[in-house]
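Notes follow once the structure below has been shown.
Lettering follows sequence order; numbering is per chain, from 1.
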2 protein chains.
Amino acid sequence: MVHKLENLSKNQQIVLNIIEKAKGPVKAYSILNDVQKKGINAPLQVYRALDKLIKIGKIHKVESRNAFIACKNTNCEVSNATAFSICQACEKVTEIVNSKLSKYLKSFQDSTGMKYKKYNLEFFGLCQKCKSK
Amino acid sequence: MVHKLENLSKNQQIVLNIIEKAKGPVKAYSILNDVQKKGINAPLQVYRALDKLIKIGKIHKVESRNAFIACKNTNCEVSNATAFSICQACEKVTEIVNSKLSKYLKSFQDSTGMKYKKYNLEFFGLCQKCKSK
DNA sequence: TAACGTTTGTTATAATATAACATTTTATAA
DNA sequence: TTATAAAATGTTATATTATAACAAACGTTA
Ligand SMILES: [Zn+2]
Ligand SMILES: [Zn+2]
Ligand SMILES: [Zn+2]
Ligand SMILES: [Zn+2]
């Protein structure tokens with residue numbers, strides 16, 4: 001197996017590092033803020049790195065939150081089948097890795113016969129912690 | 001059955017009307033642009049109407065597009081179980097109404113035992129038209 | 001009427017994201 | 001190695017999406 005990390009550029013590694021170390025989803029401008037000491041000065045530099053990292057499946061965008069999260073799924077080399085659980089109270093986000101779910105959705109056919117290349121699913125509710133408050 | 005339309009305020013009706021007449025998803029600032037002759041001048045007036053319309057299930061937000069679409073599902077009184085098919089070429093968006101899918105997702109349980117109140121699913125691919133080009 | 005919740009109007013500003021252009025670095029291959 | 005193409009960078013400016021804060025008006029119900 002080829003380790004893609006070695007192929008990442010400087011900016012891409014810096015941005016990935018921040019997202020991987022974070023405890024939850026990270027916002028683009030929070031990343032920008034964190035890296036201004038490391039030579040990245042402009043939003044575009046962050047967004048370009050984010051785009052690439054998404055493309056190669058290292059991170060995902062949590063669409064409903066405009067935030068980014070590291071991929072925890074070793075099989076998920078491209079972000080074409082993603083599912084997340086999102087706590088509406090504490091905003092904790094967890095990537096759902098569930099082969100039954102992904103098989104079900106990958107093979108889903110709608111009435112129009114449209115064939116899907118990609119899906120993104122977001123579940124909302126209360127996590128264990130917040131439920132018991 | 002109670003017709004909620006009668007309960008809508010002036011701004012809410014104006015905004016809903018535009019979204020229902022549109023052929024595809026509509027952006028907030030495009031709505032704002034369209035209604036400036038009708039006495040709505042500020043983004044907030046549009047966003048407030050959008051929020052309410054989402055809350056009562058008249059429209060949905062297509063998260064990956066930051067756009068809004070009228071609900072076609074007569075059963076869907078609240079936006080707590082939504083699925084869309086999105087063409088990556090022409091940006092056509094269709095709400096998927098499929099009881100098997102919604103039953104499957106409503107009863108989905110992840111490993112943490114978190115119980116979900118709401119989900120949103122977006123499928124991406126090419127529609128019939130764009131596939132055959 | 002009084003009280004309450006909802007909606008409105010308005011100004012300002014925050015947060016998220018891309019356009020356009022010049023340059024540099026890296027990979028590929030003649 | 002040198003040429004060439006592809007990818008990444010740096011920079012300035014701008015576009016797009018969304019909310020804060022406050023005062024006033026409206027609609028419902030007690
Ligand atoms: Zn993943
Ligand atoms: Zn929580
Ligand atoms: Zn609907
Ligand atoms: Zn299409």
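- Panel note: side chain A:E95, backbone A:K72; a donor-acceptor pair is recorded below 3.5 Å.
- An OP1 or OP2 oxygen of D:dG10 is reached within less than 4.0 angstrom by a side-chain nitrogen or oxygen of A:K10.
- Of the possible donor and acceptor atoms, none in the side chain of A:Q45 sits under 3.5 Å from a partner among the backbone N and O of A:N11.
- Listed by first and then second residue, the ring pair (Phe, Tyr, Trp, His ring centres under 6.0 Å) pairs that reach into residues 27-53 of chain B come to none, sequence neighbours excluded.
- The shortest non-hydrogen separation linking B:S85 to A:M114 is OG-SD, 3.4 Å.
- Rounded to an integer number of Å, the gap from B:K55 NZ to C:dT6 C1' is 10 Å.
- For the pair B:K52 NZ and C:dT6 C1', the computed distance is 7 Å after rounding to whole Å.
- B:N33 places its CG atom 11 Å from the P atom of D:dT16, with the value rounded to the nearest Å.
- Rounded to whole Å, the distance from CG on A:L50 to P on D:dA7 is 19 Å.
- Bending across the helix from C:dT1-D:dA30 to C:dA30-D:dT1, expressed as the angle between its end axes from five pairs apiece, amounts to 40° (10° rounding).
- Scanning for salt bridge (charged side-chain N to carboxylate O under 4.0 Å, His left out) contacts around B:R48 gives an empty result, with sequence neighbours left out.
- Note on B:S9: every side-chain N or O is 4.0 Å or more away from OP1 and OP2 of C:dT6.
- Put simply, B:N11 has no side-chain N or O that comes within less than 4.0 Å of OP1 or OP2 on C:dT7.
- Of all the residues in residues 34-48 of chain B, B:N41, B:A42, B:L44, B:Q45, B:R48 reach under 4.0 Å from DNA chain C with at least one non-hydrogen atom.
- Aromatic stacking of B:Y29 on D:dT17: satisfied, with centres closer than 5.5 Å and planes within an angle under 30 degrees.
- Distance B:D51 CG to C:dT7 P: 11 Å, rounded to the nearest Å.
- Clustering of Ile, Leu, Val, Met, Phe, Trp and Tyr by side-chain heavy atoms under 4.5 Å joins B:L44 with none of the others.
- Shortest non-hydrogen contact noted between A:A28 and A:V46 is O-CG1, 3.8 Å.
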What donor-acceptor contacts under 3.5 angstrom involve side-chain atoms of residues 101-108 of chain A, with partners at least two apart or in another chain?
unit_1, atom_1, unit_2, atom_2, d
A:S102, OG, A:N98, O, 3.4
A:S102, OG, A:S99, O, 3.1
A:S107, OG, A:K103, O, 2.9
A:S107, OG, A:Y104, O, 3.3

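- Between B:K61 and D:dA18 there is a side-chain polar atom (N or O) within less than 4.0 angstrom of OP1 or OP2.
- Atom CD1 in B:I31 sits about 12 Å away from atom C1' in D:dT17, given to the nearest Å.
- The interatomic distance linking A:N66 (CG) with D:dA18 (C1') rounds to 10 Å, in whole Å.
- For the OP1/OP2 pair of C:dA17 and a distance below 4.0 Å, the side-chain nitrogens and oxygens of A:K27 include no atom meeting the criterion.
- B:R65 has its CZ atom 12 Å from the P atom of D:dT17, to the nearest Å.
- The shortest heavy-atom contact between A:R65 and A:K27 is O-NZ, 3.0 Å.
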